[in-house]
Protein chains: 2
Amino acid sequence: MELGKTAYVILGMLGKQPMSGYEIKAKADISTRFFWAISYGQIYPELKRLEQAGLIAGEDEAGSGRGKRVYSITPPGREALHAWLTDPGELQSELRHEGVLRFFFADSLDHDERLALLASIRAKHKRIQAELAAIEPGASAHAAETGDRLVLLTLETGIAYQQFFVDLCDRLERRLAEESDQTTGED
Amino acid sequence: MELGKTAYVILGMLGKQPMSGYEIKAKADISTRFFWAISYGQIYPELKRLEQAGLIAGEDEAGSGRGKRVYSITPPGREALHAWLTDPGELQSELRHEGVLRFFFADSLDHDERLALLASIRAKHKRIQAELAAIEPGASAHAAETGDRLVLLTLETGIAYQQFFVDLCDRLERRLAEESDQTTGED
DNA sequence: ATCACCATGTAAATCGTTACATGATTAT
DNA sequence: ATAATCATGTAACGATTTACATGGTGAT
């Protein structure tokens with residue numbers, strides 16, 4: 001039985017603690033979202049499939065609200081999770097970045113338009129970085145409580161990743177300025 | 001008429017010079033692929049759609065091989081390309097990175113397994129970086145010929161991007177080593 | 001001859017997002 | 001009361017990949 005990466009996001013989340021589908025989404029939105037996003041449209045059907053496969057077990061929580069269903073990882077689920085985490089095969093990775101794509105095709109733009117594009121890219125990554133920074137205190141506290149430091153390290157990775165693009169825009173802007181110096185007076 | 005990003009990759013490529021679908025794929029594979037991949041399954045149907053919309057014009061090249069069809073961008077196509085390049089709306093960007101995802105869930109792994117994961121991530125990005133470095137001489141020559149420097153800058157961006165992950169793995173490895181020092185002798 | 005590469009194209013499958021429907025609980 | 005949040009779920013749509021089918025041309 002082949003599992004998609006999204007199944008492992010769910011399995012990984014349940015490996016940390018039992019949760020409902022709604023809680024998985026909430027946790028993912030402040031952590032894995034920045035390097036592997038998931039949506040409700042995937043979560044609920046996948047939870048059913050994983051339960052049928054015996055990798056997780058769901059239990060209806062009585063009383064509180066509308067029938068909330070909390071899932072826990074089973075021993076076979078933990079095995080599957082471990083197998084994935086240590087799988088020596090090729091790691092999937094994919095970037096779809098409209099900003100860099102536009103820059104690649106920006107030859108036909110004038111100087112100001114190019115600068116505006118870089119400013120727009122930088123603004124976007126700064127905004128996401130601020131979002132991540134806002135999460136950090138909570139993640140820090142969580143790390144101290146549970147001893148799970150990787151969550152915090154991963155968050156710092158996310159912040160550094162955004163910073164890469166901010167720095168990139170600065171660098172590219174400087175490069176464009178140099179080129180424009182060289183051609184000043186020519187056209 | 002709404003165009004997907006993939007349509008703009010094609011339009012952007014044809015904005016640089018007239019090409020066949022096959023050539024678009026070949027060019028994309030050594031340039032945009034690393035931040036926006038496209039496949040034949042998208043290219044050929046999209047070329048037809050763009051031609052019907054009047055944004056590109058195809059011409060059958062007689063003689064050479066099986067009916068090769070070379071497309072050129074039209075003035076309305078150039079307008080659409082410019083409109084996209086300067087669109088002030090939100091820039092799409094998305095990362096799906098299995099390596100970082102696994103690291104986030106690596107709490108259940110032992111020390112050696114975690115190191116192996118980091119080594120695997122580093123190896124992957126070094127490999128892609130080497131691929132990109134191999135392309136650089138050609139891109140340099142192209143920049144000198146056509147005066148289009150952005151293609152080269154974008155390639156350098158790709159190389160720096162891979163380096164980010166290499167550095168990241170180094171940093172994370174050091175962090176793990178520090179933690180393991182602290183706990184030595186405890187368990 | 002046979003392999004690599006040029007070249008076009010489609011069908012099926014997979015993956016993922018978005019929008020919608022529904023309804024309870026809790027805080028203001 | 002009413003807004004926000006908790007909570008589950010599905011249908012439709014869109015995007016993308018993969019595998020397949022086809023056949024020419026040029027080099028070894």
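Every chain is numbered from 1, with letters handed out A, B, ... down the list of sequences.
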(message) Restricting to side chain to side chain donor-acceptor pair (under 3.5 Å), what partner residues turn up for A:E136, sequence neighbours left out?
(response) none
(request) Could you tell me which residues satisfy salt bridge (charged side-chain N to carboxylate O under 4.0 Å, His left out) with B:E94, sequence neighbours excluded, listed by chain and number? (result) B:R96
(message) In whole Å, I'd like the distance from the CE atom of B:M19 to the P atom of C:dT8.
(response) 12 Å
(message) For the helix from C:dA1-D:dT28 to C:dT28-D:dA1, what angle separates the axis at the start from the axis at the finish, each from five pairs, in steps of 10°?
(response) 30°
(request) Using side-chain contact (heavy atoms from CB on, under 4.5 Å) as the criterion, list what pairs up with A:K27, not counting sequence neighbours. (result) A:M13, A:Q17, A:M19
(request) Figure out the CD1/C1' separation between A:I43 and C:dT17, and round it to whole Å. (result) 12 Å
(request) Identify whether the distance between the nearest side-chain nitrogen and carboxylate oxygen of A:E98 and A:R102 falls below 4.0 Å. (result) yes
(request) Indicate yes or no: does A:R149 engage B:D107 in a salt bridge with an N to O separation below 4.0 Å. (result) no
(message) side chain to side chain contact (heavy atoms under 4.5 Å, CB included) for A:I10 and A:L50? Distances and angles first, verdict last.
(response) CA-CA 9 Å; A:I10 293 172; A:L50 289 172; 3.8 Å; yes
(request) Please check if atom NZ in B:K126 has more than 12 non-hydrogen atoms from other residues, nucleotides or ligands closer than 6.0 Å. (result) no
(request) In whole angstrom, give the distance that lies between atom CD1 of A:I38 and atom C1' of C:dT18. (result) 16 Å
Polar pairs (N or O, both sides) under 3.5 Å between protein and nucleotides 12-16 of chain D?
unit_1: D:dT16; atom_1: OP1; unit_2: A:R96; atom_2: NH1; d: 3.3
unit_1: D:dT16; atom_1: OP2; unit_2: B:T6; atom_2: OG1; d: 2.8
unit_1: D:dT16; atom_1: OP2; unit_2: B:Q42; atom_2: NE2; d: 3.3
unit_1: D:dT16; atom_1: O3'; unit_2: A:R96; atom_2: NH2; d: 3.3

(message) Short of 4.0 Å, heavy atom to strand atom, which residues of residues 21-33 of chain A count as contacting DNA chain D?
(response) A:G21, A:Y22
(request) State whether a side-chain donor-acceptor pair under 3.5 Å links B:E113 with A:T86. (result) no
(request) Applying side-chain contact (heavy atoms from CB on, under 4.5 Å), name anything that partners B:K25, two or more places apart in sequence or on another chain. (result) B:D29, B:Y40, B:I43
(request) Report the distance from atom OH of B:Y44 to atom P of C:dA11, rounded to the nearest whole Å. (result) 16 Å
(message) How many whole angstroms separate atom OH of A:Y40 from atom C1' of C:dA19?
(response) 14 Å
(request) Under the side chain to side chain donor-acceptor pair (under 3.5 Å) rule, collect the residues that match up with B:E51, sequence neighbours excluded. (result) B:R69
(request) Would you please name every residue forming a side chain to side chain donor-acceptor pair (under 3.5 Å) with A:R49, sequence neighbours left out? (result) A:E46
(request) State which residues pass side-chain contact (heavy atoms from CB on, under 4.5 Å) with B:Q162; sequence neighbours excluded, sorted by chain then number. (result) B:H125, B:I128, B:Q129, B:L132
(request) Within residues 47-60 of chain A, find the residues that approach DNA chain D with a heavy atom at under 4.0 Å, and present them sorted by residue number. (result) A:K48
(request) Output all residues satisfying side chain to side chain donor-acceptor pair (under 3.5 Å) with A:E156, sequence neighbours left out; order by chain, then residue number. (result) B:R175
